[in-house]
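What follows is a single structure, written as structure tokens, with notes after it.
Sequence lines set the chain letters: A, B, ... in the order given, protein chains first and strands last, and positions in each chain run from 1.
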Amino acid sequence: MTLPLPTTPTHSHVRSLYDRLYATYGPQHWWPGDGPFDVIVGAILTQNTNWTNVEKALAKLRNANICSFKTIHGMDRNYLADLIRPSGYFNQKARKLHEFAVLVENDFNGDLDQLLDLPMDDLRTILLGIWGIGEETADDIVLYAAHKPSFVIDKYTRRIIDRLGWRPRGVRYRDYQLMFTEQLPSDAALFNEYHALLDEHASTVCRPTPRCNQCCLQDICVARTDAPSHGGKGQCP
DNA sequence: TACCAGGTGACTG
DNA sequence: CAGTCACATGGT
């Protein structure tokens, strides 16, 4: 009996993972109709926070008619923090939103599109220079607001990859990202859907305590509950 | 009750 | 460079 051994995934593995998730969950429509302002604010507010909490904060911003970074740039920081309170870390996130607004106002003449129209690598580098924007949030913005093909790696993506036995050599963001970008065409629509599917799978099935009996990947996963070298918890060594 | 949720920056050894 | 901690609310 041969078990699936932890390996570096090939093009075929990476593509097949996408196909299975898409066949199981269908299109996810992540951030489809929202404009760049809502996407960027959502990307910052969702840091280490449940999306339902973010929706409460977004509703309060909308209700207060906060719809542009120009408005955020000029508003009272404590008031902004109070509006986004339900998303957690509200003082830090208010600062992050404000620092983003300062960049748009000072370096891009208040024109958000001028920032988002930059070449992908330039855009990503500038975003990473903003206090509070790390690699995942930068890629969220590049992919879902600017529609440029930067693959997003989050906690969910890492959990699925680790359990499949595909954990890369390093544990850095870049190590996980290269697994996908080296095996896929540079296609923003594909990256968009792929990341959304990974998150759907991780939040509903490949949870901290995995529901392997409902999993569409059982036959290729080394952490499945009947895998002899792992217990029933689905945790990777 | 603890744990979990679409992270990041500051600090330490 | 790898660990550890603060940041904070709301759902299960």
Between [N] ([atom2]) and [X] ([atom1]): distance, integer Å:
X: A/Glu136; N: B/dG7; atom1: CD; atom2: P; result: 5 Å
X: A/Glu135; N: B/dG9; atom1: CD; atom2: C1'; result: 13 Å
X: A/Asn91; N: B/dT8; atom1: CG; atom2: C1'; result: 15 Å
X: A/Asp199; N: B/dC4; atom1: CG; atom2: P; result: 17 Å
X: A/Phe90; N: C/dA6; atom1: CZ; atom2: C1'; result: 13 Å
X: A/Ile141; N: B/dG7; atom1: CD1; atom2: C1'; result: 12 Å
X: A/Leu127; N: B/dG9; atom1: CG; atom2: P; result: 12 Å
X: A/Arg207; N: B/dA5; atom1: CZ; atom2: P; result: 8 Å

### Query
Which heavy atom in A/Lys93 sits nearest to a heavy atom in A/Leu45, and how many Å separate them?
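Closest heavy-atom pair between A/Lys93 and A/Leu45: NZ-O, 2.6 Å.
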
### Query
Between A/Ile160 and A/Leu198, which heavy-atom pair has the shortest distance, and what is it?
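Minimum heavy-atom separation between A/Ile160 and A/Leu198: CD1-O, 3.2 Å.
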
### Query
Taking only N and O in the side chain of A/Lys56, is any of them less than 4.0 Å away from OP1 or OP2 of C/dG11?
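It does, given that an N or O in the side chain of A/Lys56 lies less than 4.0 Å from OP1 or OP2 of C/dG11.
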
### Query
Does OP1 or OP2 of B/dG7 have a side-chain N or O of A/Arg158 closer than 4.0 Å?
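For B/dG7, OP1/OP2 do not have a side-chain N/O of A/Arg158 under 4.0 Å.
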
### Task
Taking the side chain as every heavy atom from C-beta outward, state whether A/Leu190 and A/Arg15 have any atom pair closer than 4.5 Å.
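They are in side-chain contact.
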
Are [X] and [Y] linked by a side-chain donor-acceptor pair shorter than 3.5 Å?
X: A/Asp154; Y: A/Thr157; value: yes
X: A/Lys96; Y: A/Thr137; value: no
X: A/Gln28; Y: A/Asp199; value: no
X: A/His13; Y: A/Thr10; value: yes

### Task
Using a cut-off of 6.0 Å, state whether more than 12 heavy atoms not belonging to A/Arg62 lie near its atom CZ.
no

In whole Å, what separates the [atom1] atom of [N] from that of [M]?
N: B/dA2; M: C/dA8; atom1: P; value: 22 Å
N: C/dG10; M: B/dT8; atom1: P; value: 22 Å
N: C/dG3; M: B/dA5; atom1: C1'; value: 22 Å

### Message
What's the closest nucleotide to the side chain of A/Tyr89 if the choices are B/dT8, C/dC7, B/dA5?
### Response
C/dC7

### Message
Measuring from the side chain of A/Pro208 (C-beta onward, heavy atoms only), which nucleotide among B/dC4, B/dG7, C/dT9 has the closest atom?
### Response
B/dC4

Contact class for [X] vs. all strands (heavy atom < 4.0 Å): base, sugar-phosphate, or nothing?
X: A/Asp154; answer: sugar-phosphate
X: A/Leu198; answer: nothing
X: A/Ser87; answer: nothing
X: A/Lys93; answer: nothing

I'd like a table of atom pairs between the protein and nucleotides 10-13 of chain B - only N or O on both sides, under 3.5 Å - with the distance next to each one.
none

Identify all pairs in which a protein N or O lies below 3.5 Å from an N or O of nucleotides 1-4 of chain C, and state each distance.
none

## Note on the structure
Between the CG atom in A/Asp122 and the CG atom in A/Leu115, the distance rounded to the nearest 0.5 Å is 10.5 Å

### Query
Which distance, rounded to the nearest 0.5 Å, do you find between the OG of A/Ser68 and the CD of A/Glu105?
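A/Ser68 atom OG to A/Glu105 atom CD measures 8.0 Å (nearest 0.5 Å).
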
### Summary
In numerical order, the residues of residues 38-53 of chain A whose heavy atoms come under 4.0 Å of DNA chain C are A/Asn48, A/Asn53

### Query
Does A/Asp121 pair with A/Arg124 as a salt bridge, N-O distance under 4.0 Å?
no

### Mutual orientation of the aromatic rings belonging to A/Trp31 and A/Tyr144 [parallel < 30°, tilted 30-60°, perpendicular > 60°]
perpendicular

### Task
Measure the acute angle between the ring planes of A/His201 and A/Tyr25, then classify it against the limits of 30° and 60° as parallel, tilted or perpendicular.
tilted

### Task
Let me know, please, whether A/Ser203 or A/Gly132 comes out on the 5' side of the other along DNA chain B by nearest nucleotide.
A/Ser203

